[in-house]
Protein chains: 2
Amino acid sequence: MTDAEAIKLSLESSGVRCTAQRYAVMAFLMENNRHPTAAEIFEAVNRMDPRSSRATTYNNLRDLVQAGLVREVAVEGRAARFDATGMKHHHFICDHCGNVEDMDWYDVPRPASVSLGERILRESELIFRGLCAKCALRQ
Amino acid sequence: MTDAEAIKLSLESSGVRCTAQRYAVMAFLMENNRHPTAAEIFEAVNRMDPRSSRATTYNNLRDLVQAGLVREVAVEGRAARFDATGMKHHHFICDHCGNVEDMDWYDVPRPASVSLGERILRESELIFRGLCAKCALRQ
DNA sequence: TTTCAAATTTAGATATAATCTAATTCTTGA
DNA sequence: TCAAGAATTAGATTATATCTAAATTTGAAA
């Protein structure tokens with residue numbers, strides 16, 4: 001199976017129609033684990049054909065997040081970043097440049113059920129903060 | 001020591017001058033562990049005297065975050081939220097309403113140093129996601 | 001294949017959140 | 001008291017994201 005078919009299949013098995021614009025967003029995220037912003041994705045997709053408007057790029061990111069194929073990472077004071085949820089991983093966010101990097105996955109202990117109360121837990125994510133390698137060297 | 005004196009002292013020992021506007025922001029956050037947005041803090045402070053402009057509210061939040069007295073929590077698709085970093089805690093973010101709630105603290109395992117590489121780790125935070133008690137009951 | 005309703009896309013306007021500007025006021029220490 | 005730096009201000013501006021309404025595309029039913 002080609003990559004293209006694999007992407008198409010993963011979209012459709014998640015209940016998302018595989019349109020050309022949606023495919024382009026997904027393909028870009030799968031070959032770029034650099035956690036681009038929506039603006040960067042919009043720009044990248046528009047270097048190809050078919051093009052995609054800003055609204056469509058945002059709509060498709062929202063649809064892919066809802067389908068669980070893409071994760072949105074909010075960063076303090078900066079634009080949100082996106083990545084394909086292929087392999088489980090945690091995130092490192094740089095205090096200085098705001099870049100988001102993948103960190104190896106490991107299981108996180110669940111909160112005590114008394115502490116959880118009536119809440120329904122969907123996932124636990126670990127965010128590491130500090131200076132990324134590039135910014136650490138510069139300081 | 002009164003609460004007011006304690007707040008003043010904690011600001012000054014963190015190298016932040018205790019102005020009336022800055023005090024108001026800090027006092028509001030200390031008596032409200034509901035993780036208000038900047039807009040909510042701005043509004044709350046302006047029900048008191050002296051008032052504070054929007055720019056000052058944002059400036060002071062930034063100063064308090066830099067001093068380590070306040071934490072900013074970015075939430076996907078919503079305004080950032082703030083809380084006083086009094087006691088260590090983790091956060092629960094509701095998928096549905098976006099509210100941020102405190103969760104009991106427990107130590108998080110450090111990433112393996114090989115995985116960390118040249119990065120400098122400052123802190124590890126755990127974010128739980130799902131439905132808060134209120135939204136869980138409604139679904 | 002043809003047809004049509006629903007889904008998707010679009011450009012541009014609008015909304016929301018946060019920051020910037022430059023003038024003013026306040027505070028502190030000499 | 002005075003000067004210099006720090007803080008505050010109103011309003012403009014920027015950055016990010018969403019909305020609108022019209023046009024286009026899609027896929028399933030006929």
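This structure is a prediction, so every number in the text was calculated from the model and none was measured. For the numbers below, each heavy atom of this structure counts, side chains included, while hydrogens, waters and symmetry mates do not.
Across all their heavy atoms, A:Ile120 and B:Ala136 have their closest contact at CD1-CB, 3.7 Å. Nearest heavy-atom pair across B:Gly98 and B:Val75 is O-CG1, 4.0 Å. Nearest heavy atoms, B:Ile41 versus B:Leu61: CD1-CD2, 3.9 Å.
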Verdict with reasoning, A:Arg71 to A:Glu123, per salt bridge (charged side-chain N to carboxylate O under 4.0 Å, His left out): CA-CA 12 Å; A:Arg71 168 177 307 216; A:Glu123 68 165 25; 3.4 Å; yes
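Applying the side chain to side chain donor-acceptor pair (under 3.5 Å) test to B:Ser53 and every residue at least two apart in sequence or in another chain returns B:Thr56. Considering only residues two or more places apart in sequence or on other chains, A:Ala133 meets the side-chain contact (heavy atoms from CB on, under 4.5 Å) condition with B:Glu118. Partners of B:Glu12 under the side-chain contact (heavy atoms from CB on, under 4.5 Å) rule, at least two apart in sequence or in another chain, are B:Lys8, B:Cys18. By the side chain to side chain donor-acceptor pair (under 3.5 Å) test, A:His90 pairs with no residue at all, sequence neighbours left out. A:Asp63 pairs by the side-chain contact (heavy atoms from CB on, under 4.5 Å) definition with A:Arg22, A:Asn60, not counting sequence neighbours. Residues forming a side chain to side chain donor-acceptor pair (under 3.5 Å) with B:Arg122 (at least two apart in sequence, or on another chain): A:Asp95. Residues forming a side chain to side chain donor-acceptor pair (under 3.5 Å) with B:Arg129 (at least two apart in sequence, or on another chain): A:Glu125, B:Glu76.
Using a 4.0 Å cut-off, no side-chain N or O of A:Tyr58 falls inside it from OP1 or OP2 of D:dT18.
Contacts of residues 68-81 of chain A with DNA chain D (heavy atom under 4.0 Å): A:Ala79, A:Ala80. Of the residues in residues 13-37 of chain B, those lying under 4.0 Å from DNA chain D by heavy-atom distance are B:Arg17, B:Thr19, B:Gln21, B:Arg22.
A:Phe92 carries B:Arg119 over the face of its six-membered ring, with the cationic atom under 6.0 Å from the centre and within 45° of the normal.
Using a 4.0 Å heavy-atom cutoff across all strands shown, B:Arg51 reaches sugar-phosphate atoms only and no base atom.
Every pair passing ring-ring contact (aromatic ring centres under 6.0 Å, His included) that includes a residue from residues 19-73 of chain A is listed here, sequence neighbours excluded: A:His35-A:His91.
End-to-end axis angle of the helix from C:dT1-D:dA30 to C:dA30-D:dT1, from C1' rotation axes over five pairs per end: 30° (rounded to 10 degrees).
Atom pair A:Asn59:CG and D:dT24:P shows a separation of 18 Å (rounding to whole Å applied). Between A:Phe42 atom CZ and D:dT18 atom P there is a gap of 15 Å when expressed in whole angstrom units.
On the nucleic acid side, DNA chain C has its first and last nucleotide under 4.0 Å of a heavy atom of chain B at C:dA17 to C:dT28, going 5' to 3'.
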